Student: 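Handing you a structure now.
Fair warning: this is a prediction, and the values are worked out from it, not measured in the lab. Counting convention: from 1, in listed order, for ligands and their atoms alike. Numbers here are sequence positions counted from 1.
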Amino acid sequence: MSVIRMTDLSLDGKRVLIREDLNVPVANGKVTSDARIRAALPTIRAALEANAAVMLMSHLGRPTEGQCDEEFSLQPVADRLGELLDREVPLVGDWIDGVDIEPGEVVLLENVRFLEGEKANDVELSRKMAALCDIYVMDAFGTAHRAQASTYGVAEYAPVASAGPLLVAELAALGKALEEPARPMVAIVGGSKVSTKLTVLDALANIVDVLIVGGGIANTFIAANGHGVGKSLYEPDLLDTARALVTGGEGRAGIPVPSDVVVADEFSADASATNKAVEAVSADELILDIGPDTSTRFAAILKSAGTIIWNGPVGVFEFDQFGNGTKALAEAVAASDAYSIAGGGDTLAAIDKYGVADGISYISTGGGAFLEFVEGKTLPAVAMLEKRAS
Ligand code: ADP
Ligand code: MG
C-alpha cells in the first residue's frame with residue numbers, strides 16, 4: 001500500500017480535515033459504547049500536538065439524507081470526545097461553506113449524512129469538503145469500504161490526501177493476521193444490515209471453513225429453508241442467494257443454520273422471551289436471538305477453530321432477554337485458543353457489555369469494511385489515497 005501518511009506530513013498551522021468513524025451506539029443522548037471514539041484519540045491528539053486546526057467529520061446512524069434530524073446528531077459524541085480529550089469539543093452545525101477555527105483547536109462537524117449527496121459521492125459536495133482544508137486525513141477504517149463524499153470524493157479534490165494512523169494500523173494488523181490463517185477458519189456474521197452482509201457471504205464462503213450466521217441474516221436462511229419467520233427482520237429478496245450458499249460445493253464453507261430461536265411478540269425492551277424450535281415460529285412473532293441448543297452447537301464449533309472472525313451480534317443483545325446467544329458466542333470466542341478478530345460498531349458494544357475484550361486477539365473498529373478486507377478487496381477509500389499518492 002503506497003499512500004501518504006498523516007504522520008509523514010507537517011501539520012503545523014494547517015487546516016486538517018479528518019474523517020473518523022465515530023458511528024457509535026447512542027441511547028437517551030448518551031454514548032453507550034465509546035470504543036470507536038477511543039480508537040480515534042491518538043490520531044486527534046497527534047494532530048493537535050502538531051498545532052493543526054483540527055476539523056473532525058463522521059456519520060452517525062442512517063438518517064434520511066439531506067435532513068437534519070436531532071436523533072442522529074453527533075452532540076453526544078462531541079460530549080464524550082470532550083471528556084476523553086479533557087477539553088471542550090464544539091459541534092459545528094453549519095459547516096459545509098466554511099469553518100471558523102484556529103491552529104491548536106478542534107471541532108466536530110455535524111453528521112455528514114445530513115448533507116445531500118454524501119452517499120452518492122456527489123462531486124460538488126466533495127469539492128466543498130475539500131475546500132475546507134489544506135490536508136485531508138482518511139482515518140475511518142470502519143467506513144473505508146464506502147465510496148462517499150466524505151471518504152472518497154473529498155480525497156480526490158483536497159490539496160493533500162493522506163491516511164491517518166488508525167487506518168494504517170488497522171490495515172497492517174488485519175493484513176498480518178490473515179496472511180496464513182490457522183484452520184479451521186470460522187466466521188460469525190450477524191446483525192441487522194442483511195442485504196449488504198449477505199452479498200459478502202458469497203465471497204467469505206470461499207475463504208472460511210464454517211460460516212455461522214445470526215441476527216437478520218440467520219432469519220433469512222431460516223426462511224430460505226421454508227420455515228415461517230413471522231414478523232422477523234429478514235431479506236425476502238435474497239432467499240435464493242441463501243439457498244445457493246447453503247448448498248455449498250467444492251471448497252465452500254459449511255453453513256449451520258439455527259435449529260432453535262428466541263421469539264417475542266413485539267420488538268421492545270420489556271417483551272417476554274420464549275424459546276422455540278425454528279419450525280414453530282408463528283406469523284405474529286419475531287425471532288430476536290438464536291436459541292440455547294444452537295448456541296451450544298455454535299460454541300463447540302468455535303472451541304475447535306484455528307481462526308475466528310466475528311462481525312455482528314446474533315441477537316438483539318441490547319435487550320438482556322435476547323442477549324444470551326450473543327453472550328454465549330462472545331464467551332466462546334474469548335475462551336477459544338483460536339486467533340480471533342472481531343469488529344463492527346454494535347459488535348464492539350456487545351464485546352464491552354459481556355466484558356470479553358481481553359480474550360479477543362484483535363479488535364477492529366470496522367464491521368462491513370473488515371469483512372470486505374477479508375474478501376481480499378482493496379477498499380475504495382484506500383484506492384483513492386493510493387491514486388493521490390502516485
Ligand atoms: P455491526 O454494527 O456490529 O456491524 P449491525 O449494525 O449489522 O452490526 O447489526 C447490529 C444490530 O443488529 C444490533 O442493534 C442488534 O439489535 C440487531 N439484531 C441482531 N439480531 C437481530 C434480530 N434477530 N432481529 C432484529 N435485529 C437484530
Ligand atoms: Mg451497526
Side-chain angles (χ1 to χ4, degrees), residues 21-27 31-33 35-36 58-62 72 113 140-146 187-201 212-223 227 229-235 257-258 260-269 271 273-276 278 281 285-291 294-295 298 309-330 333 341-354 360 363-374:
D21 185 343
L22 305 177
N23 181 33
V24 293
V26 170
V31 170
T32 54
S33 169
R36 277 182 168 167
S58 178
H59 71 288
L60 182 81
R62 301 187 158 194
F72 298 101
R113 290 191 179 161
F141 175 72
T143 329
H145 61 312
R146 303 216 169 95
I188 308 168
V189 183
S192 57
K193 295 170 200 153
V194 185
S195 51
T196 45
K197 290 187 184 179
L198 248 167
T199 41
V200 177
L201 292 193
I212 288 177
V213 290
I217 298 158
N219 294 346
T220 307
F221 281 93
I222 293 169
H227 302 304
V229 294
K231 296 183 292 181
S232 303
L233 171 71
Y234 80 114
E235 184 51 73
V257 176
D260 63 335
V261 289
V262 184
V263 301
D265 48 20
E266 58 174 358
F267 187 97
S268 89
T274 310
N275 295 341
K276 284 207 163 173
V278 276
V281 178
E285 288 174 328
L286 299 92
I287 301 172
L288 298 181
D289 195 6
I290 57 173
T294 300
S295 293
F298 288 177
I309 53 186
W310 174 25
N311 168 251
V314 295
V316 182
F317 74 99
E318 294 91 338
F319 306 153
D320 290 346
Q321 66 276 37
F322 305 108
N324 292 328
T326 302
K327 181 169 191 269
L329 296 202
V333 172
I341 307 176
D346 295 292
T347 307
L348 296 190
I351 289 169
D352 266 359
K353 175 163 180 171
Y354 301 120
I360 296 172
I363 297 180
S364 171
T365 54
F370 136 71
L371 290 180
E372 289 195 18
F373 183 88
V374 175

Student: Are K327 and D320 close enough for a salt bridge, meaning some N to O gap below 4.0 Å?
Tutor: no
Student: Give me the nearest non-hydrogen protein atom to atom 21 (C) of ligand 1 as residue plus atom name, then the distance to 0.1 Å.
Tutor: V316 CG2, 3.6 Å
Student: Look up atom CG in N23 and atom CG in D346, then write down how far apart they are to the nearest 0.5 Å.
Tutor: 8.0 Å
Student: Determine, considering heavy atoms only, which of G367, G215, S192 sits nearest to atom 20 (N) of ligand 1.
Tutor: G215
Student: Need the atom name: nearest N/O/S atom of D346 to the Mg ion (ligand 2).
Tutor: OD2
Student: What protein heavy atom sits nearest atom 4 (O) of ligand 1, and how far away is it?
Tutor: N311 ND2, 3.1 Å
Student: Just heavy atoms, cut-off under 4.0 Å: does I287 contact ligand 1 by side chain, backbone, both, or neither?
Tutor: backbone
Student: Can you tell me the protein heavy atom closest to atom 7 (O) of ligand 1 and the distance?
Tutor: K197 NZ, 2.8 Å
Student: Suppose I only count heavy atoms of P313 and a 4.0 Å limit; which atoms of ligand 1 are within that range?
Tutor: 3 (O), 8 (O), 10 (C), 19 (C)
Student: Is it true that a side-chain atom of N311 and a backbone atom of V189 form a donor plus acceptor pair closer than 3.5 Å?
Tutor: no
Student: Taking the side chain from Q321 and the backbone from A271, do they hold a donor-acceptor pair closer than 3.5 Å?
Tutor: yes
Student: If you measure from atom 6 (O) of ligand 1 to every heavy atom of I351, D346, T347, which option wins on shortest distance?
Tutor: D346
Student: Which residue and atom name correspond to the protein heavy atom nearest atom 16 (O) of ligand 1, and how close is it?
Tutor: E318 OE1, 2.7 Å
Student: Starting from the C-alpha separation in whole Å, work towards a yes-or-no answer on side-chain contact (heavy atoms from CB on, under 4.5 Å) for V194 and Y234.
Tutor: CA-CA 7 Å; V194 185; Y234 80 114; 5.9 Å; no
Student: Determine whether the side chain, the backbone, both or neither of N219 has a heavy atom under 4.0 Å from any heavy atom of ligand 1.
Tutor: side chain
Student: Would you check, one step at a time, whether the test side-chain contact (heavy atoms from CB on, under 4.5 Å) holds for I309 with V374?
Tutor: CA-CA 9 Å; I309 53 186; V374 175; 3.7 Å; yes
Student: Can you pull out the closest protein heavy atom to atom 19 (C) of ligand 1? Residue, atom name and distance to 0.1 Å, please.
Tutor: G315 O, 3.2 Å
Student: Strictly distance-based, threshold 3.5 Å: is any side-chain N or O of T220 a donor or acceptor partner for the main-chain N or O of E235?
Tutor: yes
Student: For G191, take its heavy atoms, then give the atoms of ligand 1 lying under 4.0 Å from any of them.
Tutor: 7 (O), 9 (O), 10 (C), 12 (O)
Student: Any side-chain donor paired with an acceptor under 3.5 Å for S33 and D352?
Tutor: yes
